[in-house]
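The next block holds one structure in the form of structure tokens; read it before the comments.
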Amino acid sequence: MVNELYPYIVQFEEEAKSPGLETHRKRKRSGNSDSIERDAAQEAESGAGLESGSSPSQCSLPPKKEKDASAKKESLGHWSQGLKISMQDPQMQVYKDEQVVVIKDKYPKARHHWLVLPWASISNLKALTRDHLELLKHMHSVGERVIADFAGSSELCFRLGYHAVPSMSHIHLHVISQDFDSPCLKNKKHWNSFNTEYFLESQAVIKMVKEAGRVTVRDGMSELLKLPLRCHECQQLLPSIPQLKDHLSKHWTK
DNA sequence: GTTCTAGAAC
DNA sequence: GTTCTAGAAC
């Protein structure tokens with residue numbers, strides 16, 4: 001069943017097991033993507049290491065150290081900026097209009113998992129004002145439109161909402177089916193980010209912006225990600241991710 | 001966000 | 001001995 005639903009992911013995992021390709025992956029990872037500044041910083045770092053090694057009595061820090069820190073700042077190639085890249089890629093776009101674009105989550109945590117993103121650059125929930133009210137409503141209705149168009153005939157339930165403290169930049173509305181049947185759902189953080197108050201209902205966010213003029217996320221959200229694993233359907237506690245996943249399958253109709 | 005893996009938990 | 005988690009690295 002899983003193979004039928006996620007053929008591309010299964011294929012990828014099988015490829016990863018091949019020793020030759022594994023080597024290729026590692027080589028590619030160590031050599032690619034990061035900025036020229038980063039490489040320069042690494043060279044500077046190793047250079048500094050050699051210097052201090054050859055003359056251990058010298059303790060003064062070279063001015064290079066500050067340069068390293070600034071070079072490490074988020075560049076466009078940083079993983080947290082990935083959504084900005086993906087949303088521009090026509091091949092990723094499931095839907096788009098003048099205000100928003102919808103893409104499939106690259107690592108879906110359920111059978112259906114989309115992200116609705118505004119074209120406007122809104123970094124996170126804290127940046128929202130009443131000026132965004134209509135946009136937020138539109139994002140929600142587009143999410144419902146996508147569900148109807150791509151999963152309308154299924155009997156799956158969906159939730160629409162935002163992570164309280166997202167890892168990826170650029171505000172994005174999660175549209176996710178409630179089966180949580182996916183090989184990409186692998187750990188407690190994944191589960192709790194969609195099944196505790198860490199997941200802020202789209203409607204609640206809209207209401208908050210409407211009534212308070214902004215979204216306030218109270219402190220300690222990260223602690224929610226460490227809560228024990230509890231089934232969202234029957235509230236049963238499960239001791240591990242594999243056991244949770246096995247349990248979840250009992251709630252599926254197929 | 002993911003991957004990788006040491007060592008905790010079983 | 002194997003499974004699984006959690007934290008570092010990317």
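Order of the sequence lines fixes the chain letters, A, B, ..., with proteins taken first and strands second; residue numbering starts at 1 for each chain.
Hydrophobic cluster membership of Tyr107(A), counting Ile, Leu, Val, Met, Phe, Trp and Tyr whose side-chain heavy atoms lie under 4.5 Å apart directly or via other members: none, as it forms a cluster of its own.
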Using the 3.5 Å cut-off, write out each protein N or O paired with an N or O of nucleotides 5-8 of chain C and the distance between them.
from	atom 1	to	atom 2	distance (Å)
dT5(C)	OP1	Ile241(A)	N	2.7

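When rounded to the nearest whole Å, the span between CH2 of Trp191(A) and C1' of dC4(C) equals 18 Å. Rounded to whole Å, atom C1' of dG1(B) lies 8 Å from atom NZ of Lys109(A). At whole-Å resolution of the value, NZ in Lys245(A) and P in dT3(C) are 16 Å apart. With rounding to whole Å, Leu238(A) atom CG is found 14 Å from dC10(B) atom P. In this entry the distance linking NZ of Lys189(A) with P of dT2(B) reads 9 Å, nearest Å. Atom NE2 of His78(A) is separated from atom C1' of dT2(B) by 12 Å (rounded to the nearest Å).
The side chain to side chain contact (heavy atoms under 4.5 Å, CB included) test applied to Lys137(A) returns Leu133(A), Glu134(A), Ile206(A), not counting sequence neighbours. Partners of Glu144(A) under the salt bridge (charged side-chain N to carboxylate O under 4.0 Å, His left out) rule, at least two apart in sequence or in another chain, do not exist in this structure. Qualifying side-chain hydrogen bond (donor to acceptor under 3.5 Å, both in side chains) partners for Gln243(A), counting only residues two or more places apart in sequence or in other chains: Ser240(A).
Side-chain contact, Asn124(A) with His170(A): no donor N or O sits under 3.5 Å from an acceptor N or O.
Applying the ring pair (Phe, Tyr, Trp, His ring centres under 6.0 Å) test to residues at least two apart or on different chains, the pairs with a partner in residues 199-247 of chain A are Phe180(A)-His232(A), Trp191(A)-His232(A), Phe194(A)-Phe199(A), His247(A)-His251(A). Every pair tested for salt bridge (Lys or Arg N to Asp or Glu O under 4.0 Å) that includes a residue from residues 160-172 of chain A fails, sequence neighbours excluded, so the list is empty. Here salt bridge (Lys or Arg N to Asp or Glu O under 4.0 Å) pairs that include residues 152-162 of chain A, with residues two or more places apart or in two chains, are Arg159(A)-Glu201(A).
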Can you give me every donor-acceptor pair (side chain of residues 81-90 of chain A, partner residue at least two apart or in another chain, under 3.5 Å) with its distance?
from	atom 1	to	atom 2	distance (Å)
Gln81(A)	NE2	Glu74(A)	OE1	3.2
Gln81(A)	NE2	Ser169(A)	OG	3.3
Ser86(A)	OG	Gly82(A)	O	3.2
Asp89(A)	OD1	Gln91(A)	N	2.9

May I have the list of side-chain donor-acceptor pairs in residues 211-230 of chain A shorter than 3.5 Å, sequence neighbours left out?
from	atom 1	to	atom 2	distance (Å)
Arg218(A)	NH2	Glu197(A)	OE1	3.4
Arg230(A)	NH1	Gln235(A)	O	2.7

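Near-neighbour residues of DNA chain B inside residues 79-93 of chain A, defined by a heavy atom below 4.0 Å, number-ordered: Trp79(A). Looking at residues 159-177 of chain A, you'll see His163(A), Pro166(A), Ser167(A), Met168(A) sit with a heavy atom under 4.0 Å from some atom of DNA chain B.
Within the 4.5 Å cutoff, side-chain heavy atoms of Ile176(A) are placed close to those of Lys109(A).
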